[in-house]
Amino acid sequence: MSEAPPATKPAPIWKNPTVSRLLLVALFAEIGYAVLNISTMPVYLSYDRNFGASSAVYVFCGFLFAEAAMKGPMGHLADRVGSRRLMMLAPLLTVCTAIASLFVPHFDPKVGEPIEVFIFIVLRLIDGVGAAMLWPAAFALMGNSVSDAKRQEAMSLLNMCYLVGVALALPIGGIVEDSTGSILAKAGIGSHAGGIILAAILFGLVSLTVSRVVHIDAKPIHDEAHAGGGFKDLVKTWKQIPSYLLLAVLTFAGIGFPMGIIKIIAQDEFKLTATQFGALVMPGAIAMALFSVPISKIGERIGRARAVHIGMFSCAIGISLLSLGAFFEFFRTPWILALGGIPVGLGFLLTIPAWLASVSDINPSKRAANIGAVMTAQGVGAMIGAPLGGNAYEKLVPVGKGLGMSDEAAVHFSHFSPFIGTAVCIWLAWLIGLRILRDPR
C-alpha cells in the first residue's frame with residue numbers, strides 16, 4: 001500500500017490577498033483616526049486655538065457620538081449599496097473635514113470660543129459618520145473573505161491593526177508636529193497643525209488604496225428572521241441583557257475619562273514633547289499588537305469568564321497605580337506611566353476577545369443584535385467618560401485645596417483626577433463581571 005501524502009500546513013491567513021489588502025486599509029485608517037483625534041486635535045485646540053481642556057473634549061465627543069449612533073444605520077446601508085463603495089467614500093469625508101479644520105476662522109476670544117467649538121464639533125460629527133461608514137463595511141468584507149473556521153483569527157488581525165495603528169500614530173504624529181511646528185506657526189496655521197495635514201493625506205491614501213486593491217464586494221448573508229427589526233427590537237434586546245450593558249457602559253466610561261486629554265496630561269504633567277510621548281507609548285503598543293493573538297489563546301484555555309475577571313483586575317491595578325499621582329509626587333513620572341501601562345495593556349488583551357465572545361454566547365440566535373447593543377453601550381460609556389474627564393482635569397483644583405493640598409498640589413490632583421475616575425469605573429465593572437460572567441462547568 002502506498003503511504004498517504006503528508007498533510008500540508010495551511011497557509012497563514014494573512015497571505016490571503018483580500019485579507020492582506022483589508023488589513024493594509026485598516027492600518028492606514030486607524031493611523032489616520034488616531035493621529036487626528038488622539039495625537040493632534042486635543043493639543044491643536046488647546047495650544048493653537050486656546051480652547052480649555054473641557055472644550056477640546058466636547059469636540060472629541062462629537063466624533064464618538066456620531067460613530068456610535070451611526071454604525072447600525074451605516075451597516076444596513078453597506079448591505080444595500082455595497083461595502084466597498086462606503087469604504088471609498090468614508091475617508092474622503094475626513095479629508096474634507098481635516099482641511100476645513102485649518103480654515104476655521106479665529107473669532108474674538110471674549111465671545112468667539114463657543115462659535116469655534118460648535119464648528120469643530122460639527123466637523124468631528126462628520127468624521128464620526130465617516131468612521132461609522134468605514135468600520136462595519138471593513139468587518140463585513142473581512143468576514144466574507146474567510147471561512148467560518150478562520151473568522152475569529154481574521155477579526156483578531158483587524159484588532160492587531162487597530163493597536164499597531166495607535167502605536168504608530170502617536171510617534172508619527174509627534175514627529176510631524178515637532179518638525180513642522182515652527183514652519184506652520186510662521187504661516188499662521190498653527191504649530192500643532194501638522195498632524196491634521198498628515199491625517200488628510202492618510203485618508204486620501206485609504207480611499208485610493210480601496211479603489212485600487214480591494215476588488216471584492218460580497219454582501220453578508222442575514223437570517224431574515226432576525227434582520228432589520230428596527231428600534232423596538234433594539235430596545236427589546238437592551239431589556240434582555242441590562243447587566244451586560246451596564247458593565248459595558250462602566251468600562252468604556254472609564255476608558256473615556258483620560259482618552260481625549262491623554263496627550264495634554266503627558267505634556268502638562270510629565271513635560272513630554274509630542275515626539276517623546278509617542279516614543280514612550282510606541283514600544284508598549286507594538287508589544288500589545290504582537291501578543292494580542294497569543295494572549296487571546298490563553299484566554300480560550302482558562303475560560304472566557306475567568307479571562308474577563310483576570311484581565312479587568314489587571315487593568316484596575318494598573319490604572320490605580322497611575323491615579324496615585326493625584327496624591328503623591330513620586331507617581332508623577334513618565335516611568336510610572338509606562339509601568340502602569342503594562343498591566344493595563346495585558347489586561348486589555350485578555351479581556352476584550354473574551355468579553356466579545358461571552359456576549360456572543362448569551363443567545364446564539366441573536367448574536368449580532370446582542371453585540372450591536374453592547375457596542376452601542378460602549379460608545380455611550382465613552383461619551384459619558386470623556387467630558388467628565390475633561391472637566392475634572394480643568395475644574396477640580398478647589399477639591400484638592402479642600403483636601404488640604406497646596407495650590408500646586410491641588411493642580412496636580414485635578415490633572416490626575418481622570419485616572420481616579422477610570423479606576424473607580426473599572427473596579428465597579430470588575431465586581432459586576434464577577435457576578436454575571438461564569439464559565440460553564
Side-chain angles (χ1 to χ4, degrees), residues 20-45 48 59-60 62-64 66-67 84-103 120 123-139 141-142 157-181 183-184 189-214 259-260 263 274-275 277-279 281-282 285-286 289:
S20 61
R21 291 165 183 170
L22 287 172
L23 292 176
L24 180 66
V25 169
L27 179 62
F28 279 178
E30 188 50 46
I31 292 174
Y33 282 122
V35 165
L36 185 63
N37 292 306
I38 299 176
S39 178
T40 299
M41 193 59 64
V43 293
Y44 172 74
L45 296 177
D48 291 345
V59 172
F60 180 51
F63 173 83
L64 294 177
E67 184 183 24
R84 181 174 178 270
R85 186 178 299 175
L86 290 192
M87 289 182 68
M88 286 191 291
L89 176 61
L92 296 179
L93 292 179
T94 305
V95 172
C96 295
T97 59
I99 295 172
S101 297
L102 302 176
F103 293 96
F120 275 99
L123 292 174
R124 300 291 78 76
L125 284 169
I126 298 172
D127 287 344
V129 172
M133 294 168 65
L134 178 69
W135 293 120
F139 274 86
L141 285 184
M142 181 64 81
L157 289 175
L158 273 178
N159 186 54
M160 185 175 71
C161 281
Y162 168 82
L163 295 170
V164 173
V166 174
L168 294 177
L170 293 170
I172 290 174
I175 291 171
V176 169
E177 288 173 35
D178 288 343
S179 60
T180 63
I183 299 173
L184 295 176
I189 298 175
S191 61
H192 296 84
I196 299 176
I197 298 172
L198 173 63
I201 295 172
L202 286 171
F203 282 110
L205 289 174
V206 170
S207 184
L208 180 63
T209 301
V210 173
S211 67
R212 297 298 296 272
V213 305
V214 177
M259 184 166 54
K263 197 167 179 180
T275 302
F277 179 62
V281 171
M282 184 175 179
I286 291 293

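Among Thr97, Thr94, Leu64, the single residue meeting the side-chain contact (heavy atoms from CB on, under 4.5 Å) criterion with Arg124 is Thr97.
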Could you pull out every donor-acceptor pair under 3.5 Å between side chains of residues 166-174 and any protein atom, sequence neighbours left out?
none

Do any side-chain atoms of residues 195-208 form donor-acceptor pairs under 3.5 angstrom with protein atoms, and if so which ones, sequence neighbours left out?
residue, atom, partner, partner atom, Å
Ser207, OG, Met88, O, 2.8

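How far CZ of Phe120 is from CG of Leu125: 13.5 Å, rounded to the nearest 0.5 Å. Atom CG of Asp127 and atom SG of Cys96 lie 10.0 Å apart (nearest 0.5 Å). Within the model, atoms CG of Asn37 and CE of Met259 stand 9.5 Å from one another, a figure rounded to the nearest 0.5 Å. Trp135 contributes atom CH2, which lies 14.0 Å from atom CG of Leu86 (distance to the nearest 0.5 angstrom). Rounded to the nearest 0.5 angstrom, His192 NE2 and Lys263 NZ are separated by 7.5 Å.
Under the salt bridge (Lys or Arg N to Asp or Glu O under 4.0 Å) criterion, Glu30 pairs with no residue at all, not counting sequence neighbours. Annotation: side chain to side chain donor-acceptor pair (under 3.5 Å) contacts of Ser191 (sequence neighbours excluded): Asp48. Residues satisfying the side-chain contact (heavy atoms from CB on, under 4.5 Å) test with Ala90, not counting sequence neighbours, are Met133, Leu134. Residues passing the side-chain contact (heavy atoms from CB on, under 4.5 Å) test with Ile183, sequence neighbours excluded: none.
Not one N or O on the side chain of Arg21 forms a donor-acceptor pair closer than 3.5 Å with the backbone of Val210. Panel note: side chain Thr40, backbone Val35; a donor-acceptor pair is recorded below 3.5 Å.
Side-chain contact between Met41 and Phe63 is absent, with no heavy-atom pair separated by less than 4.5 Å.
Of all heavy-atom pairs between Gly194 and Leu184, the closest is N-CD1, 3.3 Å. Summarising the geometry of Leu123 relative to Ala100, their closest heavy-atom pair is CD2-CB, 4.1 Å, with the distance given to 0.1 Å.
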